[in-house]
Amino acid sequence: MKLLTTVAAVLTVLSGCAVDPQVAAERRANLMAQVFPEPADRQGLYLVFPLESGGLYDTLLITHFEEEVSRAQVVDRVARYCARLGSSRLTGQAALVNQLGTSTRTRPDGRTAAVFEGRYDCTAA
């Protein structure tokens, strides 16, 4: 019964949460700027989400517009990110380790475009 009450309370709170698309876009942009401080490295990216492993954020989930940036270019950007981590556990290299697939996203100008989603990893030494 206690679990049911807790779940009901959480659902009630979440049902009142509306996501403002502008706020969500700003959050995505801020997170991307933290991971890729150079504006050129953010070009063509839709979403960047770092994942922590052993105290390092050495894995990135990245969604990018295929017509603007290639997978190889994203790997190069991730390699620069990995090198900045400065960990002796890492080689400074990067690799696309999991292709999550393609889909479509709405661009800021309202057009729909194809995106590729993948998990990129800093390779361990």
Side-chain angles (χ1 to χ4, degrees):
M1 185 65 179
K2 188 175 183 179
L3 177 62
L4 183 59
T5 304
T6 303
V7 170
V10 169
L11 290 175
T12 301
V13 169
L14 290 178
S15 66
C17 297
V19 177
D20 180 354
Q22 182 62 35
V23 172
E26 289 172 10
R27 273 193 236 133
R28 283 194 308 271
N30 290 338
L31 186 56
M32 269 191 271
Q34 290 174 4
V35 174
F36 296 117
E38 294 296 320
D41 286 342
R42 297 190 301 264
Q43 180 66 33
L45 301 182
Y46 177 78
L47 176 67
V48 174
F49 191 81
L51 299 173
E52 187 262 340
S53 171
L56 285 174
Y57 288 91
D58 58 353
T59 299
L60 299 173
L61 296 178
I62 298 179
T63 303
H64 66 89
F65 292 103
E66 292 186 297
E67 64 188 29
E68 287 186 40
V69 62
S70 70
R71 294 174 196 172
Q73 289 171 312
V74 173
V75 169
D76 288 343
R77 294 175 188 183
V78 172
R80 287 192 298 274
Y81 165 80
C82 294
R84 282 195 320 269
L85 291 176
S87 173
S88 60
R89 292 188 348 212
L90 305 175
T91 63
Q93 301 294 312
L96 171 62
V97 293
N98 193 357
Q99 297 183 27
L100 303 174
T102 58
S103 60
T104 57
R105 294 285 186 265
T106 303
R107 302 174 63 72
D109 63 8
R111 295 183 304 128
T112 302
V115 294
F116 173 78
E117 300 172 87
R119 184 171 63 102
Y120 296 82
D121 221 22
C122 299
T123 55

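Note that the coordinates shown come from a computational prediction; the quantities given were computed from them, not determined experimentally.
- In the hydrophobic clustering of this structure, F65 does not group with L96; members are Ile, Leu, Val, Met, Phe, Trp, Tyr whose side-chain heavy atoms approach within less than 4.5 Å, directly or through other members.
- Hydrophobic cluster membership is shared by Y57 and M32, with clusters built from Ile, Leu, Val, Met, Phe, Trp and Tyr side chains linked at under 4.5 angstrom.
- A heavy-atom distance below 4.5 Å is not found between the side chains of T63 and L45.
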R77/V69 under side-chain contact (heavy atoms from CB on, under 4.5 Å): CA gap, chis, key distance, verdict
CA-CA 11 Å; R77 294 175 188 183; V69 62; 3.6 Å; yes
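- Residue pairs satisfying the disulfide bond (SG atoms under 2.5 Å apart) criterion with at least one member in residues 60-92, sequence neighbours excluded, are listed as follows: C82-C122.
- Side-chain heavy-atom separations under 4.5 angstrom define the hydrophobic clusters, and the remaining members of the one that includes L100 are L31, F49, L51, L61.
- The ring pair (Phe, Tyr, Trp, His ring centres under 6.0 Å) contacts involving residues 68-97 comprise nothing, where partners must be two or more places apart or lie in separate chains.
- In terms of the side-chain hydrogen bond (donor to acceptor under 3.5 Å, both in side chains) criterion, residue partners of S103 (sequence neighbours excluded) are, by chain and number, R105, E117.
- Listed by first and then second residue, the side chain to side chain donor-acceptor pair (under 3.5 Å) pairs involving residues 36-47 are D41-R80, Q43-E68 (not counting sequence neighbours).
- The list of disulfide bond (SG atoms under 2.5 Å apart) pairs with a residue in residues 37-71, not counting sequence neighbours, is empty.
- With sequence neighbours left out, the side-chain hydrogen bond (donor to acceptor under 3.5 Å, both in side chains) criterion links R84 to no other residue.
- Distance CZ/R27 to CG/L47: 12.0 Å, rounded to 0.5 Å.
- In this structure, the side chains of T106 and R111 stay at 4.5 Å or more apart for every pair of heavy atoms.
- Sequence neighbours left out, not one pair with a member in residues 23-72 passes disulfide bond (SG atoms under 2.5 Å apart).
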Using the side-chain contact (heavy atoms from CB on, under 4.5 Å) rule, take V115 and T102 through it: C-alpha gap first, then chi angles, then the decisive distance, then the call.
CA-CA 6 Å; V115 294; T102 58; over 6 Å; no
What verdict does the side-chain contact (heavy atoms from CB on, under 4.5 Å) test give for T59 and R119, after you've listed the backbone C-alpha separation in whole Å, the side-chain angles of each residue and the deciding distance to 0.1 Å?
CA-CA 7 Å; T59 299; R119 184 171 63 102; 3.4 Å; yes
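- Applying the ring pair (Phe, Tyr, Trp, His ring centres under 6.0 Å) test to residues at least two apart or on different chains, the pairs with a partner in residues 87-122 are H64-F116.
- Listed by first and then second residue, the disulfide bond (SG atoms under 2.5 Å apart) pairs involving residues 37-69 amount to none (not counting sequence neighbours).
- With sequence neighbours left out, the side-chain hydrogen bond (donor to acceptor under 3.5 Å, both in side chains) criterion links Q99 to no other residue.
- Taking the side-chain hydrogen bond (donor to acceptor under 3.5 Å, both in side chains) definition, one finds that R71 meets it with E66, sequence neighbours left out.
- Between D58 and R89 the shortest side-chain heavy-atom distance falls below 4.5 Å.
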